Amino acid sequence: MEEKLYKPYPADISGVKLPDELGCLVEQMAKNVHEVWAETRIKHGWKYGICRDDVFKTHPCLVPYEELPEEEKEYDRNTAVSTLKLILKLGFNISRQ
């Protein structure tokens, strides 16, 4: 069987700057990213555990966003920031109504 090499090419968003007023949106999106991830894990039978265990389906991050270690929150924030930057790069506007 031939091994397929996958090389990701995410959009270059390095030149995109988020307006300061989107800071609160980043945190709300980060929390939602975590909520969606946790909901999906729980639907697949995962539960909280001190250590991640793929056999017993336990994970230490199956806690409310506010209880996550800062490094885990930062991972979710980076996902939110990257998404917002891509939206702006593609020419869309983000406005509050």
Side-chain angles (χ1 to χ4, degrees):
M1 182 174 207
E2 184 179 328
E3 181 181 341
K4 291 185 179 183
L5 288 178
Y6 166 63
K7 183 164 171 60
Y9 291 100
D12 181 9
I13 54 171
S14 60
V16 179
K17 172 142 175 40
L18 287 185
D20 291 338
E21 62 266 17
L22 293 182
C24 67
L25 179 57
V26 167
E27 197 63 19
Q28 290 172 336
M29 286 179 66
K31 180 178 179 177
N32 195 63
V33 165
H34 174 69
E35 295 296 319
V36 170
W37 171 84
E39 180 182 56
T40 302
R41 288 285 174 139
I42 291 167
K43 281 181 182 175
H44 287 108
W46 287 72
K47 59 188 178 288
Y48 172 80
I50 302 249
C51 298
R52 177 181 173 154
D53 187 312
D54 292 350
V55 174
F56 292 104
K57 293 186 174 182
T58 60
H59 202 293
C61 291
L62 282 172
V63 296
Y65 179 77
E66 295 75 18
E67 295 178 23
L68 286 175
E70 190 57 33
E71 66 186 28
E72 294 295 332
K73 288 181 184 179
E74 195 59 30
Y75 181 87
D76 293 332
R77 286 183 195 117
N78 288 339
T79 300
V81 166
S82 295
T83 301
L84 289 169
K85 284 184 173 185
L86 179 61
I87 290 168
L88 294 175
K89 181 179 176 93
L90 294 175
F92 291 91
N93 294 315
I94 302 169
S95 62
R96 185 177 213 157
Q97 295 182 340

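Small disclaimer: the values here were computed from a predicted structure and weren't measured.
Once rounded to the nearest 0.5 Å, the distance linking CG of Leu22 with CD1 of Ile94 reads 5.5 Å. Here the OG1 atom belonging to Thr40 is positioned 9.5 Å from the CH2 atom belonging to Trp37, to the nearest 0.5 angstrom. In this structure, the separation between NZ on Lys17 and NZ on Lys85 is 8.5 Å, given to the nearest 0.5 Å. Here the CZ atom belonging to Phe92 is positioned 13.0 Å from the CG atom belonging to Leu84, to the nearest 0.5 angstrom. If you take CD on Glu67 and CG on Leu62, they are separated by 11.5 Å, rounding to the nearest 0.5 Å. Distance check, rounded to the nearest 0.5 Å: NZ of Lys31 to OH of Tyr65 gives 9.5 Å.
Residues Val33 and Val81 fall into different hydrophobic clusters, defined by Ile, Leu, Val, Met, Phe, Trp and Tyr side chains chained together at heavy-atom separations under 4.5 Å. Hydrophobic clustering (ILVMFWY, side-chain heavy atoms < 4.5 Å, transitive): Ile87 and Val16 are in one cluster. Under the 4.5 Å side-chain heavy-atom criterion for Ile, Leu, Val, Met, Phe, Trp and Tyr, Trp46 and Leu68 are members of the same hydrophobic cluster. The hydrophobic cluster containing Ile13 also contains Met29, counting ILVMFWY residues as joined when their side-chain heavy atoms lie under 4.5 angstrom apart, directly or transitively. Cluster annotation: Val63 is connected to Ile42 through the hydrophobic network of ILVMFWY side chains, with a link wherever side-chain heavy atoms come within less than 4.5 Å.
Judged by distance alone, with hydrogens and angles left aside, the side-chain atoms of Lys57 form a donor-acceptor pair with the main-chain N or O of His44 at under 3.5 Å. Proximity of a side-chain donor or acceptor of Thr58 to a complementary backbone N or O of Cys51 within less than 3.5 Å is detected.
Taking all atoms of both residues into account, the shortest heavy-atom contact from Ala30 to Ala80 is N-CB, 3.9 Å. Cys24 approaches Arg96 most closely through the heavy-atom pair SG-NH1, 4.4 Å.
Within the 4.5 Å cutoff, the side chain of Leu25 has heavy atoms near those of the Gln28 side chain. You'll find the side chain of Leu86 stays beyond 4.5 Å of the side chain of Pro10, heavy atoms only. Side chains of Arg77 and Glu70 form a contact here, defined as non-hydrogen atoms less than 4.5 Å apart.
Around the CD atom of Glu71, the shell of radius 6.0 Å holds no more than 12 heavy atoms that belong to other residues, nucleotides or ligands. Ile50 CD1: 12 or fewer foreign heavy atoms inside a 6.0 Å radius. Within a 6.0 Å sphere centred on CZ of Phe56, heavy atoms belonging to other residues, nucleotides or ligands number 12 at most.
With respect to Lys73 and Glu27, no salt bridge is recorded, no charged nitrogen being found less than 4.0 Å from a carboxylate O.
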